[in-house]
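For reference, the structure is listed below as C-alpha cells.
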Number of protein chains: 2
Amino acid sequence: MKKSFGPPETVTLAKIARAAGVSSSTVSRILNGTARVSAEKQRAVEEAVQRYNYRPNVLARSLASGRTDTIGVLTQDIASPFYGEWLRGIEDELTQTGRSPLFASGHWNAADEQRQLENLLARCVDGVIVLHGFVDPDYLRAYSERVPVVMLGRPLDPSPRLVCLGVDNRQGAYDVVTHLIELGHRRIAHISGHALQPDSEQRLIGYREALADAGIPYDDTLIERGNFEESGGLVAMERLLDAGVSFSAVFASNDQTAYGARLALYRRHVRVPDDVSLVGFDDLPGSLYLTPPLTTVRQPIYEIGRMAADAMARLLRGEAVPTQIMRVELIERETTARIGTGAAS
Amino acid sequence: MKKSFGPPETVTLAKIARAAGVSSSTVSRILNGTARVSAEKQRAVEEAVQRYNYRPNVLARSLASGRTDTIGVLTQDIASPFYGEWLRGIEDELTQTGRSPLFASGHWNAADEQRQLENLLARCVDGVIVLHGFVDPDYLRAYSERVPVVMLGRPLDPSPRLVCLGVDNRQGAYDVVTHLIELGHRRIAHISGHALQPDSEQRLIGYREALADAGIPYDDTLIERGNFEESGGLVAMERLLDAGVSFSAVFASNDQTAYGARLALYRRHVRVPDDVSLVGFDDLPGSLYLTPPLTTVRQPIYEIGRMAADAMARLLRGEAVPTQIMRVELIERETTARIGTGAAS
DNA sequence: TTGTAAGCGTTATCAT
DNA sequence: ATGATAACGCTTACAA
C-alpha cells in the first residue's frame, strides 16, 4: 500500500494499458474512437480509465498528432465591454465544437500584436482569430500561410486562408444621421474614433453621405476626435461645448464614446434628448441602462463572435469561407427626439 | 508522421543545431541560459536562430521540462466588466513574469467549473487562479494537491497550496450605510446579490451592523434580492417601488445592480440623488460615467488581479503566501445627498 | 564547455 | 482487431 505524499504520480496511457492488459495503441484507439475494438477490451480499458481517473495529457497528444484543437484569439483589451462580447461569442462556439480559445491581448499596438501572434504560433494553435488591431496586413498575410486566420472588424483582401467578417459601418452611420435628419436636426455633431481606424473612418463616411444626400453642408467644426473610449467622448464633448458651435444632435462613433459625451452634457446641464439628441454605435449591453437608454446601432457582436469561430471551423475543414459584411440596425431608444425647445450653446 | 508539402516546413531545434554546427543540447542551453557556452558558438547559434526565424515549440518544451509557464484562470464570465478587471490585472502581471494565462469560463455553475478545472489540469497548467464560483471546496482542496491554487473572492480555509485573496465586504457595506445615516437617511433599502454568494452575504451583514449601531431597526420589507447584474437591479427596484414602502436611499450590492436600479428610478421619475440616494459597490470603470456618477465602494479589482498573479508566482517559488483581506474605500460621487425634499413613494 | 542519448506521453505506421 | 515501434520537438542527466 503506497500512499505517497507529494505530487501524485501521473497516470499515463501506458499505465492504463498495463492495468487493462492491452497495448497502449489499443487504449489510444478507444479514447479517440480511431478504430473498432473488441467490446471486451473496450470495457476493460474504460474501467481502468475510471479507476485511475485518467486524463490524457493534452500536450503529448498535440505534439504527436500535430493538432491542438486550440484557437488563438488576439484581442485588444480583455476587459473591454465591446471585445468582451466578441470573446464570449467565440468562446461559446469554440467550446461547443470541442476546441478551446487561447486569449492574448494586443493593446492596439502593432508590435505587441505581432509578438502575441508569434507566441500563439509557438504554442501550436490550429488557427487564429484576430480582433481589430493595427498589425501589418502583409505580416498577417504571411502569417496566414502558416495557420488560417479569421479577421474581425478589419477589411483586408481575403485569401483562402484569411477571411474577414464585419458589419457595414457606413450604412449604420448613414442610417443614424438620416434618422436624426428626419427628426428635424440639421446641426449634427460627430465624435469620431481613432484616426486610421477603419470602423471610425467608415462611420464618418456614412455621416457625410447622409448629410450630402439631405443637402446639408458638411461643417468640420462639428467634428471632434475621440478614442472609442468614455474618456475621449467626455473630452470631445467638452470641446464641442466650449467651442460655442451650435448643434442639436450628436452622433458618437461608438457607445463608449456616447457614455462619455453623455456625462459632459450632464455636467453642463444640457438635457438629453430635450436639448440635444445623442446616438451611439454598437449597442453594448450597458447601453440599455444609460440614463436615458441610448439610441444606437445594433451590431450583433456576440453573434459575430460565434460566426468567427464557425468560420474558423470551416477553414480547418478545408472549406472556402467568403468575406461577410453584415447589415446593421438602428435601435431607437430614448436619447433621440424631434428637434425641440432649445439647442445647446 | 511524414511532413507533407504545403505550409512551410517547421524549423526545429535540431535544424538550428545543424546550421550552427553544434549539438542540439548546446542550442537548448543557449536558448534557456542553462549553462555557459563559448561566445563563438553562442553567436553562431544566435545567427542561425535569426536566419531561420526559429521559435521553440512550446508544447515539446513543456512536455520535456514538465513546466508550461501557463496559469489556468477560471473566470465566470469572460465578458463581465467586473471579471474583466480581474483578468486584466492577472494577465498584465503574468505576462510580465514570462507566464501566460489560460482563461476558461465557469458560468457560475459548479459542474462547468469542475469540468474546466479538469481541462486545465489536462493542459498541464502550472497553477490555477479561481475567480469566485461555486465549485465544491473539498474538490478544490484535493485539486490544490496537484497544482497550487489562488482563490479570489471566496473565503476558504487556506493551506500551503491554496491561498485566498479578497476584500472586506462587511466593512465596505458598513461604511456605505453609516455614511448614508450620517446624511440623515433612516429608511435605507438594500438590493442584495445571489443568495449564498459570500460577497453578497457579507455586504448584507455590514448593512445590518451599521443599522444596528445607529439604533435603526432592521426592516426586511426594505430588502430585495437581485442577481449582481443590471437586470436584477432593475426588477428589484421596481418591486421596491411597487410595494409602496418608503425609503430615501438604496444600497445596491454591486455597481451593476445599481445601474439597473438607476434605470428603474429614472422610469418612475424619481430623481437621484434629490429624491433618493443610491450607492453601489465595486467601482467599476463605468460607474464614473453613470448619470450622475455613482457613489460606490472602491475595490481595487485590477490590483487584486495583479496580486493574485504575484501570489501564484510566489507559490510556484515555494514561498508561503498568507490569506489577505483588504480594506475598501467609500468613494463619494454624485448619487448621494443629504436627505432632502421628497422621499420616494 | 560540449555532445550523446534517454526520456516526456501521445499518436500513427506498419506488420501480424 | 491488435501490438510493436517510430516519430513529435525539446530538456536533461550523464559522459567525455
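Note that the coordinates shown come from a computational prediction; the quantities given were computed from them, not determined experimentally. Below, all heavy atoms of this structure are taken into account, side chains as well, without hydrogens, waters or symmetry copies. In the text below, chain A, chain B and the rest are named by the order of the sequence lines, each starting its count at 1.
- The distance from atom CZ of R55(B) to atom P of dC8(D) is 22 Å, rounded to the nearest whole Å.
- Across the interface with DNA chain D, nearest-nucleotide mapping of R29(A) and S65(B) shows R29(A) to be the residue nearer the 5′ end.
- Taking side-chain N and O atoms only, T10(B) has a distance below 4.0 Å to OP1 or OP2 of dG9(D).
- For S23(B), whose side chain is taken as the heavy atoms from C-beta onward, the closest listed nucleotide among dT1(C), dC10(D), dG3(C) is dG3(C).
- Mapped onto DNA chain C by nearest heavy atom, S24(B) and L31(A) fall at different nucleotides, with S24(B) at the one closer to the 5' end.
- Nearest nucleotide to the side chain of N32(B), out of dT11(D), dG3(C), dA4(D): dT11(D).
- Going from atom CG of L121(B) over to atom P of dG9(C) covers 14 Å, rounded to whole Å.
- Side-chain contact annotation: S28(B) with S25(B), donor-acceptor N/O pair under 3.5 Å absent.
- Rounded to whole angstrom, the span from the CG atom of L13(B) across to the P atom of dT11(D) amounts to 6 Å.
- Side-chain nitrogen and oxygen atoms of R61(B) include none within less than 4.0 Å of the OP1 or OP2 phosphate oxygen of dG9(D).
- Nucleic acid contact class of V58(A) (heavy atoms, under 4.0 Å, all strands): none.
- To the nearest angstrom, P of dT1(C) lies 12 Å from CD1 of I30(B).
- Atoms CD and CG, on E303(A) and L165(A) in that order, are 12.5 Å from each other to the nearest 0.5 Å.
- dT12(D) atom P lies 8 Å from atom CZ of R67(B), rounded to whole Å.
- Among the nucleotides dA1(D), dT10(C), dG3(D), the one closest to any side-chain atom of T26(A) is dG3(D).
- Out of dG9(D), dG3(C), dA1(D), the shortest distance to the side chain of L63(B) is found at dG9(D).
- When distances are taken from the side chain of V22(A) to each of dA1(D), dC10(D), dG3(D), the shortest belongs to dG3(D).
- Between dC8(C), dC10(D), dA7(D), one nucleotide has an atom nearer to the side chain of Y54(B) than all others, and that is dC10(D).
- At a threshold of 4.0 angstrom between heavy atoms, the contacts of S25(A) include nucleobase atoms, whether or not backbone atoms are also involved.
- Residue K41(B) places at least one side-chain N or O under 4.0 Å from the OP1 or OP2 atom of dG3(C).
- Between the side chains of S105(A) and Q116(A), not a single donor N or O lies within less than 3.5 Å of an accepting N or O.
- Residue S28(B) is classed as a base contact, given a heavy-atom separation below 4.0 Å to a base.
- Between H132(A) and Y83(A), the angle of the ring planes goes over 60°, which puts this pair in the perpendicular group of the 30/60° scheme.
- Between the P atom of dC8(D) and the CZ atom of R123(A) lies a distance of 22 Å, rounded to the nearest Å.
- The pair D310(B)-R314(B) meets the salt-bridge criterion, with a side-chain N (NZ, NE, NH1 or NH2) lying under 4.0 Å from an Asp/Glu carboxylate O.
- L59(A) places its CG atom 15 Å from the C1' atom of dG7(C), with the value rounded to the nearest Å.
- When distances are taken from the side chain of N57(A) to each of dC8(C), dT10(C), dT2(D), the shortest belongs to dT10(C).
- With I71(B) as reference, I129(B) is the one residue of L102(B), I129(B), V125(B), V147(B) to meet the side-chain contact (heavy atoms from CB on, under 4.5 Å) rule.
- For the pair K15(B) NZ and dC10(D) P, the interatomic distance rounds to 11 Å; values are reported in whole Å.
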